[in-house]
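Naming: A, B, ... by sequence-line order, numbering from 1 per chain.
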Amino acid sequence: MVKEARAQRIASYVADWPKEKVTAFQQDFLAWYDEENRHLPWRESQDPYRIWVSEIMLQQTQVATVIPYFERFMAWFPTIADLAAAPEDQLLKAWEGLGYYSRVRNMQFAAQTIMEEYDGEMPRDLKSLLALKGIGPYTAGAIASIAFNQPEPAVDGNVMRVFSRLFGITEDIAKPSTRFIFEGVVRHTISPQHPSEFNQAIMDLGATICTPTSPKCEACPLAAYCLAYQMDEREKYPIKSKKTKVTPHYYLALAMQDAEGRWYLEQRPTTGLLANFWTFPLVTLDKKSYTRFKQQWEDAQTRDAGEQILELVAEDEPSLVEHLTEEVANVIWQKEVVGEIQHVFSHQKWHVLIAYGYQAEVSDDQTGWYYPTGWSDLPFPKPQQKIVEILQKQKYIED
DNA sequence: AAGGCGGGGTC
DNA sequence: GACCCAGCCTT
């Protein structure tokens with residue numbers, strides 16, 4: 001049985017760790033944390049809401065990045081009730097630049113659940129936490145231990161790195177099932193009196209000493225306990241398979257301005273990558289037409305740019321064509337390409353050519369047209385910010 | 001179990 | 001430029 005095999009693996013890892021050793025380990029580790037812990041905004045209280053927000057933000061995001069976002073988020077949405085009631089644009093604006101935007105959408109959904117089912121109070125037990133949208137095994141354990149002082153493991157990448165080195169754990173951390181091994185080992189070692197400090201000590205150690213590359217073992221309070229250190233195998237752990245493949249995507253961004261100085265923006269679909277974010281219209285190209293288009297434009301050939309753009313739009317999704325044909329048709333397109341940006345996501349690389357078009361009239365239907373001063377409330381993803389930067393540099397947009 | 005989902009950092 | 005960091009969701 002799988003469960004038994006797992007239990008055996010766990011038992012073999014902690015076989016060298018009798019009670020006395022575990023106790024000494026906890027004392028050394030907690031003493032270190034007492035001296036060296038980082039002073040962070042969400043550590044100023046045990047408010048479960050603040051802990052929750054910080055843990056969601058800290059997923060795949062570094063502490064230094066999170067701090068200003070956290071302060072602003074708490075100012076904008078001081079309570080769970082405020083979060084539950086926030087308008088979506090403001091919500092995305094609060095998260096703009098942090099990435100993985102479903103995190104904040106799920107958090108709002110969970111906030112609404114807490115308002116309806118728990119009278120606005122964060123539930124304390126693991127099962128209820130786990131049932132909330134966006135709260136998985138790691139975050140549930142983090143909230144239960146940090147906010148409510150329950151001896152629950154909170155296994156994230158830090159824990160897997162630190163504990164794989166400490167115990168010489170050879171399971172592939174890319175496999176979802178490996179989490180159970182680490183949870184078992186943490187349960188064996190976690191301080192029952194100070195689970196909050198214990199779990200946070202792992203996070204601090206992983207961030208400052210037991211780092212992914214070149215760990216500072218000379219400064220580590222746990223070196224005496226560390227199998228990887230003793231075996232001089234610090235670079236061997238954690239063991240991880242997996243390689244990500246990044247697929248290229250090619251776009252033409254249509255930066256259109258009208259006689260009033262407004263720009264045309266559209267909102268992305270409600271699902272998928274960068275859902276509900278705002279960008280200039282993006283026409284999908286294949287690699288060939290992207291290269292050809294760029295080349296032709298750079299060579300300043302005589303063929304009318306607007307005609308080309310219309311063709312490209314016509315080849316694209318019908319919905320976009322329907323939405324844009326009129327605007328595109330009335331725009332006078334500049335023959336030179338304004339610029340090009342690239343942006344790498346975790347699984348996609350975008351190549352975007354920027355076309356600039358001017359519309360002498362003001363269209364009757366004014367939806368979608370924004371002054372730069374008026375679009376500051378709209379959430380822009382990173383590629384859109386890069387495009388705007390180029391337009392500013394070239395003085396298409398005033399700073 | 002595998003893939004979608006951002007953005008920042010280091011070397 | 002290549003590589004590192006990696007939780008939770010949906011399928």
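Taking D125(A) as the reference, S128(A) meet the side chain to side chain donor-acceptor pair (under 3.5 Å) condition, with sequence neighbours excluded. The side chain to side chain donor-acceptor pair (under 3.5 Å) check on Y250(A) picks up nothing, with sequence neighbours excluded. Listed by chain and number, the residues in a side chain to side chain contact (heavy atoms under 4.5 Å, CB included) with D28(A) are Y225(A) (sequence neighbours excluded). Residues meeting the ring-ring contact (aromatic ring centres under 6.0 Å, His included) test with Y237(A), sequence neighbours left out: none. In terms of the side chain to side chain donor-acceptor pair (under 3.5 Å) criterion, Y100(A) has no residue partners (sequence neighbours excluded). Shown here are the side chain to side chain donor-acceptor pair (under 3.5 Å) partners of N276(A), two or more places apart in sequence or in another chain: E88(A). Residues that satisfy the side chain to side chain contact (heavy atoms under 4.5 Å, CB included) test with S241(A), not counting sequence neighbours, are D172(A), A174(A).
Within residues 139-152 of chain A, no residue has a heavy atom under 4.0 Å from DNA chain B. The stretch residues 36-51 of chain A has no heavy atom under 4.0 Å from DNA chain C, so no residue of it qualifies as close.
Sorted by first and then second residue, the side-chain hydrogen bond (donor to acceptor under 3.5 Å, both in side chains) pairs with a member in residues 48-74 of chain A read E55(A)-Y138(A), Q59(A)-T139(A), T61(A)-R103(A); sequence neighbours excluded.
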* Structure fact -> For nucleotides 2-11 of chain B, 5' to 3', base contacts (B), sugar-phosphate-only contacts (S) and non-contacts (-) with protein non-hydrogen atoms under 4.0 Å give --SBBSS---
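Of all nucleotides in DNA chain C, those with any atom nearer than 4.0 Å to a heavy atom of chain A start and finish, going 5' to 3', at dC5(C) to dT10(C).
By the 6.0 Å contact criterion, NZ on K21(A) is enclosed, its count of non-hydrogen atoms from other residues, nucleotides or ligands being greater than 12.
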